[in-house]
Visitor: 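Quick one: structure below, then a few questions.
Order of the sequence lines sets the chain letters (A, B, ...), proteins ahead of strands, with each chain counted from 1.
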Amino acid sequence: MKETLRQLVLNASIAAFENKEFISADIPAFTIEEPKADAHGDLSTNFALVSAKALKMPPRKIAETLLRHIGGSHPLIEKTEIAGPGFINFFIRPSAWYPVLTEIHAKDMDYGRATTGNGQKVQVEFVSANPTGPLHVGHGRGAIVGDSTAAMLNACGYEVHREYYINDAGRQIQTLGLSVLLRCRELAGQKIEFPEECYQGDYIKDIAEELRREKGDWIFTLPEPEAVAFCSRFAADRMIIEIRNVLNSLGIIFDNWYSEQAMVDAGKVESAIEKFKNQKVIYEKDGALWFNTSAFGDEKDRVVVRNNGQATYFASDIAYHQDKLDRGFDRIIDVWGADHHGYIPRIRAAIEASGKDKSQFTVILTQLVNLLRQGVPVSMGKRSGQFITLKEVIDEVGRDAVRFIFLTRNYDSPLDFDLEIAKQKTNDNPVYYVQYVHARISSILKKAKEENALTIPGIDDPDLGKAMEMIREPEEIRIVKHLARYPETIRQAAELMEPHRVAFFLMELAGDFHAYYNKHRVLTEDPALTAGRLYLIFAVQKVIRNGLTLLGVSAPDSM
RNA sequence: GCGCCUGUAGCUCAGCUGGAUAGAGCAACGGACUUCUAAUCCGUAGGUCGCACGUUCGAGUCGUGCCAGGCGCGCCA
């Protein structure tokens, strides 16, 4: 619809130019958009305002000229007007919206899908929490934002690859192993000193118990370094399984779990360092190796290999991102917690140093989550071991509500997650509001089926046209207009990587539907009217279902 | 001190990359179930868009400077 109008406006401006009424055919970018107020029509353009300078004419004069060339008898347009400083408002004929419904029914699950991605390969890496402890709600936010962003990119024709990077090399894994080993000794009755830098949580004890069940005292026969190494591997494997289960319970499935250790073992860190040494972006100073990140906009250069010969975390990340590029992804998206933002410039430097365009690399920073219970902050201290895990939150609140809550905020804003509010089945928790639409419509369709005289017209049904003509209540037109915006919403959400736009779209659509439902009956005495309304609400149900699916939220038939 | 993010109704948040009279939900108040699910709807009330300049036909949106809060600024991960 928008595109049709855009063409109409452009053609009219060209006609005016050829008629020497406009002095230029070079028109600045103008918009076609839905005005906020219904009184301003269905669609509106600022053409006359933005082109006033180029045409050296007052906006209202431009608008008049343009409208004269558009003429008064377009099949889509009921009427036009010039308003305010020079907006042109278009009022669309109700019948012009009907094809949207037919399109929804024809495309069904594919309604809203686009091909703008052109099959480009995109990798979305998210969560990637260290396997040294359970996931918390902050990880949950990244998980859900990452997963839904991936889903939206996929819906727009990108070939999406979801990946989890496992930090299973390095010191924190050693610490994990040591923590477990000490707990094993404790279980065996030995007196131990449990260091403060070890992981304090009870899950360490659980893993230690499991290890003892499987291996008994065997672990104590190993020399300490080997025992720690074994415990590290054992514990990390257990943690990964646990993490995977929790993410699965949110409906999140990764295409790949990428092991840092495996990458190191394959020599990829060394070869990446070698490569950048040859390019002279890695150099030696004070016995350490440095990456020349400041040449790419970072505050200062960063150490890659310490003077004791140990590679830093950054070295692994250089190699990892190099490997992503080598795997042929056109775009790389990393979802990180906001506390890692200082890390972006150096990773970006590593990407640019390998000759890639920085636009191919995007970081989504999800802001902090404050976990509350009835407005009171819940302690999140990892050190104390006293924290509420993501699993506990999901168990208490439910998958759909957790996902929706994280998706009704821009990831840029810090988020208060109140467990008590999340549990309530009210409008503080709008997931139910949206799902209720789906359930209500299912209920109507079921009833229509039971009264089997009432059926939804098929696309080839000769009576379809007549049925659609019955859709003319303002509340109905409002819904159809809303449905028409769905594909654009998905495109924007994907392009901007802002899945919350879809959640808000659904809430607004739900609002329109509930208002309609309370005012009008779908199942009536008039077969044509009923058919038209069934056609409408079935389309609503499909869009709600499609949108919820992208958000990873279920669309129940009854509630 | 420097960098990133945030600041919109009492609370939680939107605001479609600059449009017209700034919107929802919750909370408050008043109404609507013998009808397809009341997890719903209708109405009332609620605002100096942190503050100040600037950019232009037009600013919650862009720029600069302040103020407030959060998070970062290791040869840690």
Visitor: So, does the side chain of D339(A) form a donor-acceptor pair with the base of rG72(B) at under 3.5 Å?
Guide: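 Flag unset: no donor-acceptor pair detected.
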Visitor: Can you tell whether the side chains of E473(A) and K519(A) come within less than 4.0 Å, N to carboxylate O?
Guide: no
Visitor: The side chain of P85(A) lies closest to which of these nucleotides: rA39(B), rU40(B), rG19(B)?
Guide: rG19(B)
Visitor: Stacking between F504(A) and rA14(B), defined as ring centres under 5.5 angstrom apart with planes under 30°, is that present or not?
Guide: no
Visitor: Taking only the side-chain heavy atoms of Y517(A) (C-beta and beyond), determine which of rC41(B), rG19(B), rC36(B) contains the nearest atom.
Guide: rC36(B)
Visitor: Tell me which nucleotide, if any, is Watson-Crick or G-U wobble paired with rA68(B) when both distances must be under 3.5 Å.
Guide: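 Check on rA68(B): paired to rU6(B), both distances under 3.5 Å.
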Visitor: Below 4.0 angstrom, N of the basic side chain to O of the carboxylate: do R501(A) and E498(A) qualify?
Guide: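 Salt bridge: yes.
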Visitor: Is it the case that the side chains of D400(A) and Q435(A) hold a donor-acceptor pair, with the cut-off being a distance below 3.5 Å and no angle test?
Guide: yes
Visitor: Nearest to the side chain of W290(A), which nucleotide is it out of rU56(B), rG19(B), rC75(B)?
Guide: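 Of all the options, the side chain of W290(A) is nearest to rC75(B).
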Visitor: Picking from rA39(B), rA77(B), rC57(B), which would you name as closest to the side chain of Y436(A)?
Guide: rA39(B)
Visitor: Calculate the interatomic distance between M497(A) atom CE and rU17(B) atom P; express it in whole Å.
Guide: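 Value for this atom pair: 16 Å.
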Visitor: Quick one: which of rG19(B), rC71(B), rU40(B) gets closest to the side chain of R440(A)?
Guide: rU40(B)
Visitor: When you measure from the centre of the six-membered ring of F30(A), is the NZ or CZ of R6(A) under 6.0 Å away and within 45° of the axis?
Guide: yes
Visitor: Could you tell me whether rU6(B) is syn or anti, where syn means a glycosidic angle within 90 degrees of zero?
Guide: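 Glycosidic conformation of rU6(B): anti.
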Visitor: For the side chain of Q492(A), starting at C-beta, report the closest nucleotide among rU17(B), rC36(B), rC75(B).
Guide: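 Looking only at heavy atoms from C-beta outward on Q492(A), the closest nucleotide is rU17(B).
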Visitor: Taking the side chain of N518(A) as its heavy atoms from C-beta onward, which of rA77(B), rU40(B), rA20(B) lies nearest to it?
Guide: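 Shortest atom-to-atom distance from the side chain points to rU40(B).
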Visitor: Nearest nucleotide by nearest heavy atom, which residue falls closer to the 5' end of RNA chain B, L445(A) or E299(A)?
Guide: L445(A)
Visitor: Starting the side chain at C-beta, find the nucleotide from rC75(B), rC57(B), rG60(B) nearest to N307(A).
Guide: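 The answer is rC75(B), which lies nearest to the side chain.
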Visitor: Among the nucleotides rC36(B), rC16(B), rU56(B), which one has an atom lying closest to any side-chain atom of K53(A)?
Guide: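 Nearest to the side-chain atoms of K53(A), counting from C-beta on, is rU56(B).
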Visitor: If the glycosidic angle is within 90 degrees of 0 it's syn, otherwise anti, so just tell me which one rC33(B) is.
Guide: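 For rC33(B), whose glycosidic angle is within 90° of 0, the conformation is syn.
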Visitor: Output yes when D42(A) and K481(A) qualify as a salt bridge under the 4.0 Å nitrogen-oxygen rule, no when they do not.
Guide: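 Salt bridge flag = yes for K481(A) with D42(A).
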Visitor: Can you name the atoms? Protein N/O to nucleotides 6-10 of chain B N/O, anything below 3.5 Å, with the distance.
Guide:
from: rU6(B); atom 1: OP1; to: D412(A); atom 2: OD2; distance (Å): 3.4

Visitor: If you draw the axis of the six-membered ring of Y517(A), does the NZ or CZ of R440(A) fall within 45° of it and under 6.0 Å from the ring centre?
Guide: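 Ring-cation test returns yes.
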Visitor: Checking base pairs now: Watson-Crick or wobble, both atom distances under 3.5 Å. What partners rA28(B)?
Guide: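 Partner of rA28(B): rU44(B).
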Visitor: May H40(A) be described as stacking on the base of rA20(B), applying a 5.5 Å centroid limit and a 30° limit on plane angle?
Guide: yes
Visitor: Please determine whether a side-chain nitrogen of the Lys or Arg among E163(A) and K324(A) lies less than 4.0 Å from a carboxylate oxygen of the Asp or Glu.
Guide: no
Visitor: If you check every side-chain atom of V303(A), which of rA20(B), rC75(B), rG15(B) has the closest atom?
Guide: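 In terms of side-chain proximity for V303(A), the closest of rA20(B), rC75(B), rG15(B) is rC75(B).
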Visitor: Classify the side chain of T132(A) versus the base of rA77(B) as yes if they form a donor-acceptor pair under 3.5 Å and no if they do not.
Guide: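 Under the 3.5 Å cut-off, the side chain and the base do not form any donor-acceptor pair.
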Visitor: Base of rG72(B), side chain of H340(A) - is there a donor-acceptor contact under 3.5 Å?
Guide: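 Between rG72(B) and H340(A), which were checked side chain against base, a qualifying N/O pair under 3.5 Å is absent.
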Visitor: Is there a donor on the side chain of N89(A) or the base of rA20(B) sitting less than 3.5 Å from an acceptor on the other?
Guide: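 Such a pair exists between side chain and base.
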Visitor: Is the shortest side-chain N to carboxylate O distance from D298(A) to R302(A) below 4.0 Å?
Guide: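 Salt bridge between D298(A) and R302(A), a charged N being under 4.0 Å from a carboxylate O: yes.
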Visitor: For G511(A) and Y343(A), find the nucleotide of RNA chain B closest to each by heavy atoms; which residue's nucleotide sits nearer the 5' end?
Guide: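 Looking at RNA chain B, the more 5' nearest nucleotide goes with G511(A).
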Visitor: Does rC36(B) pair with anything, Watson-Crick or G-U wobble, both distances under 3.5 Å, and if so, with which nucleotide?
Guide: none
Visitor: Assess whether a salt bridge exists between D38(A) and R478(A), defined as any Lys/Arg side-chain N lying under 4.0 Å from an Asp/Glu carboxylate O.
Guide: yes
